[in-house]
**Q** 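Quick one: structure below, then a few questions.
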Amino acid sequence: MTVHIRVTSPHHATSTLVGDLAGTDGVANVVVLRDTRQPAGDAVQFDVLPSAANAVLRRLRDLGLDRYAPIAVDPVDA
């Protein structure tokens with residue numbers, strides 16, 4: 001089962017985040033919506049295979065994104 005993750009990234013961290021995601025096996029469908037309002041930053045959405053989910057979530061925490069805004073994790077059933 002794939003997991004869909006949504007996070008708001010501060011502008012200065014978005015390039016690093018997207019680069020990390022692009023280089024991670026098991027990550028697909030990366031979407032960046034620039035200049036979100038609350039909180040200010042960029043909305044980043046992507047899909048992750050279960051085998052990569054722990055490493056990806058750890059990286060989000062390493063970037064401090066869990067302290068900046070909530071990280072939404074939703075299972076994809078279909």
Side-chain angles (χ1 to χ4, degrees):
M1 171 181 11
T2 301
V3 178
H4 184 75
I5 298 177
R6 296 182 316 275
V7 63
T8 300
S9 172
H11 298 299
H12 71 273
T14 302
S15 293
T16 299
L17 171 60
V18 171
D20 289 351
L21 295 172
T24 302
D25 289 337
V27 174
N29 305 321
V30 179
V31 176
V32 179
L33 304 170
R34 300 278 181 195
D35 298 322
T36 59
R37 300 282 182 218
Q38 277 190 320
D42 302 312
V44 181
Q45 304 178 42
F46 51 95
D47 297 324
V48 182
L49 294 176
S51 59
N54 284 337
V56 168
L57 291 170
R58 189 175 311 111
R59 183 61 181 141
L60 297 178
R61 285 190 300 272
D62 290 346
L63 291 170
L65 300 181
D66 60 327
R67 294 183 301 277
Y68 187 73
I71 297 171
V73 180
D74 297 308
V76 178
D77 295 329

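Worth saying up front: this structure is predicted, and the values here are computed from it rather than measured. In what follows, residues are counted from 1 in the order of the sequence shown.
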**Q** Let me check something: do V30 and V48 share a hydrophobic cluster, defined by ILVMFWY side-chain heavy atoms less than 4.5 Å apart, either directly or through other members?
**A**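 Yes, it is one cluster - the side chains of V30 and V48 are joined through contacts under 4.5 Å.
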**Q** Membership question, hydrophobic clusters at under 4.5 Å side-chain separation (ILVMFWY): are V3 and V31 in the same one?
**A**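 No.
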**Q** Does P70 reach the side chain of T8, with side-chain heavy atoms less than 4.5 Å apart?
**A**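 Contact flag for P70/T8 side chains = no.
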**Q** Any donor-acceptor pair under 3.5 Å linking the side chain of N29 with the backbone of F46?
**A**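 No, the answer is negative, given that no donor and acceptor are paired below the 3.5 Å cut-off.
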**Q** Assigning hydrophobic clusters by single linkage (Ile, Leu, Val, Met, Phe, Trp, Tyr; side-chain heavy-atom cutoff under 4.5 Å), is L49 placed with I71?
**A**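 L49 and I71: separate clusters.
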**Q** Tell me, with the steps shown, if V44 and L65 meet side chain to side chain contact (heavy atoms under 4.5 Å, CB included).
**A** CA-CA 11 Å; V44 181; L65 300 181; over 6 Å; no
**Q** Could you state whether I5 and Y68 fall into the same hydrophobic cluster, counting links through intermediate Ile, Leu, Val, Met, Phe, Trp or Tyr residues with side-chain heavy atoms under 4.5 angstrom apart?
**A**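 They do not share one cluster, since no chain of ILVMFWY contacts under 4.5 Å joins I5 to Y68.
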**Q** Do other residues, nucleotides or ligands put more than 12 heavy atoms under 6.0 Å from D62 CG?
**A**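 Above 12, so yes.
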**Q** Just by modelled atom types, is the G19 backbone N or O under 3.5 Å from a matching donor or acceptor in the T16 side chain?
**A**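 Not at all, since once roles are kept as given, no pair shorter than 3.5 Å links the two residues.
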**Q** Heavy atoms only: give me the nearest H11-G41 pair and the separation to one decimal.
**A**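 Nearest heavy atoms, H11 then G41: CE1-O, 3.4 Å.
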**Q** Starting at CG of L60, measure out to CG of D66 and round the result to the nearest 0.5 Å.
**A**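 Output value for this atom pair is 8.0 Å.
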**Q** Does any non-hydrogen side-chain atom of L21 lie less than 4.5 Å from one of R59?
**A**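 They are not in contact (no side-chain heavy atoms under 4.5 Å apart), so the answer is no.
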**Q** With side chain to side chain contact (heavy atoms under 4.5 Å, CB included) as the test, would you mind laying out the steps for L17 and V7 before giving the verdict?
**A** CA-CA 10 Å; L17 171 60; V7 63; 4.2 Å; yes
**Q** Are any of the side-chain heavy atoms of L57 and V73 separated by less than 4.5 Å?
**A**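 Side-chain contact under 4.5 Å: yes.
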**Q** Calculate, to the nearest 0.5 Å, the distance between atoms CD and CG belonging to Q45 and D74 respectively.
**A**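 Answer rounded to 0.5 Å: 10.0 Å.
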**Q** At what distance, to the nearest 0.5 angstrom, does OG of S9 lie from CG of L33?
**A**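 It comes to 12.0 Å.
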**Q** Measuring from D35:CG to D42:CG, what's the distance to the nearest 0.5 Å?
**A**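 D35 CG to D42 CG: 6.0 Å, rounded to 0.5 Å.
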**Q** If you compare all heavy atoms of P39 against all heavy atoms of A69, which two are closest, and at what distance to 0.1 Å?
**A**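 Closest approach of P39 to A69, heavy atoms only: CG-CB, 3.7 Å.
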